[in-house]
Amino acid sequence: MTTVTDRLKREIAQALEFYANIGVERLPIQVLKEVEHLVPAAEPEQPTAPQVIGEPEPCEPETFKTNQRKLYELRSQMGNCQRCRLAAGRTTLVFGSGNPCADLMFIGEGPGREEDLKGLPFVGAAGDLLTRIINAMQFTRDEVYIANIVKCRPPQNRDPEPDEVDTCMSFLERQIEIIQPRALVLLGRVAAQSLLRVSTGITAMRGTFKDYKGIPAMVTYHPAYLLRNPKAKKTVWEDVQQVMKIFGKKALD
Ligand code: URA
Ligand code: URA
C-alpha cells in the first residue's frame, strides 16, 4: 500500500525538480510551504478536473502527414496577411509550431520581439520559461503545439485590439480543429478571454478547466507575468499539475 509518506516524498521530489528547473531559489523554504500545502490537498480529487484521459499516444503516420498538410494549407491561406493593422508593424507572421497531432496545445497572446524576428512562437525569455514549464509537465516542445491568439506582433507588445483578435481568431480555431488536442493550456488573460469569449479576470479564471468546444482548457498565468512575479510560479505549477493529472502523468497513488 502506498502511504501518505511515500506520496509526500514523491510530491516533494517533483516539486524540488520543478523549482530547480524554473530557477526558483531558496528551495528549502519553498519546499516547506509545499509540504504544508500538500498534506490536506493530497486526498480529495479536484471537483472541476475532467476525467483522466490517459497517457498521450503518438498518432498514426498518415494522420500526422494529413494534419501537417492541412496546417501548411492554412498557413498558405494566411499568405502575406494584410487582414488587420498589425500587418504594418510585423517582421514575420508567427503561425505556430510543434506536433501537428499534439495531445496538448499551449495558446499565448501574440508574438513579442524575438518571435517577430524569428517567426516562431515563444522563443524569447518568456519562451524559455514556457519550455521549462512544458518539460516539468513531462512533455517536450516537440510533442506539444504552441500558437498565439494573434499571429503578428502588436506594436510595443500592447494587447491586441478586439477587432484584431476577431480577424485572426478563425485561424487559431482552425489550427485547433486540425490538431484536435485533448487538452489546452491558455496562457494569460488575453488568451483565455479571447478563446473562451468571456471577460472574466485571469485570477478568477485560472486553476480550473474551462470547456472549449468539448476540449478541457486550463487557464493559467502567462510566462511573461511569471518573469515579473516569480512568486506566481507556484500557482502555475499547481495549475499545470491538473493538466498532467488528466494525462495520467501525476502518480498520486
Ligand atoms: N508571448 C506570447 O504570448 N506569445 C509568444 O509567442 C511570445 C510571447
Ligand atoms: N495579467 C495577464 O494579462 N496575464 C496574466 O497571466 C497575469 C496577469
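Atoms considered below: every heavy atom in the structure, side chains included; atoms not considered: hydrogens, waters and symmetry mates. Start at 1 and go down the list; that is how both ligands and their atoms are numbered.
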Asker: How about Gln82: does its CD atom have over 12 heavy atoms from other parts shown lying under 6.0 Å from it?
Answerer: yes
Asker: Distance under 4.0 Å to a non-hydrogen atom of Glu109: what atoms of ligand 1 satisfy this?
Answerer: 2 (C), 3 (O)
Asker: Going through the distances and angles, do Asn157 and Glu109 end up as a side chain to side chain contact (heavy atoms under 4.5 Å, CB included)?
Answerer: CA-CA 10 Å; Asn157 298 342; Glu109 175 176 330; over 6 Å; no
Asker: Please list the nearest protein heavy atom to atom 4 (N) of ligand 2 with its residue and the distance rounded to 0.1 Å.
Answerer: Arg189 N, 3.4 Å
Asker: Do any N/O atoms on Pro121 end up under 3.5 angstrom from N/O atoms on ligand 1?
Answerer: no
Asker: Heavy-atom contact under 4.0 Å between Val190 and ligand 2?
Answerer: no
Asker: Using 0.5 Å steps for rounding, measure from the CG atom of Asp128 to the CD1 atom of Ile133.
Answerer: 11.0 Å
Asker: Hey, is Glu177 close enough to Arg174 for a salt bridge, meaning N to O under 4.0 Å?
Answerer: yes
Asker: Tell me if the CZ atom of Arg113 is crowded by more than 12 foreign heavy atoms within 6.0 Å.
Answerer: no
Asker: Considering heavy atoms of the protein only, find what lies nearest to atom 8 (C) of ligand 1 and give residue, atom and distance to 0.1 Å.
Answerer: Phe122 CE2, 3.7 Å
Asker: Determine, for Asp116 against Arg90, whether the closest basic-nitrogen to carboxylate-oxygen distance falls under 4.0 angstrom.
Answerer: no
Asker: For His222, take its heavy atoms, then give the atoms of ligand 2 lying under 4.0 Å from any of them.
Answerer: 5 (C), 6 (O)
Asker: Which part of Tyr221 is near ligand 2, with near meaning a heavy atom under 4.0 Å away: side chain, backbone, both or neither?
Answerer: both
Asker: Please state whether Gly110 comes within less than 4.0 angstrom of ligand 1, counting heavy atoms only.
Answerer: yes
Asker: Is the closest N or O pair between Glu115 and ligand 1 shorter than 3.5 Å?
Answerer: no
Asker: Tell me whether the centres of the aromatic rings in Phe122 and Phe106 are closer together than 6.0 Å.
Answerer: no
Asker: Determine if the SG-SG distance between Cys152 and Cys81 falls under 2.5 Å.
Answerer: no
Asker: Number the atoms of ligand 1 from 1 as they appear, then name those within less than 4.0 Å of a heavy atom of Gly108, with their elements.
Answerer: 3 (O)
Asker: Of the protein's non-hydrogen atoms, which lies at the shortest distance from atom 1 (N) of ligand 2, and what is that distance?
Answerer: Ile202 CG2, 4.0 Å
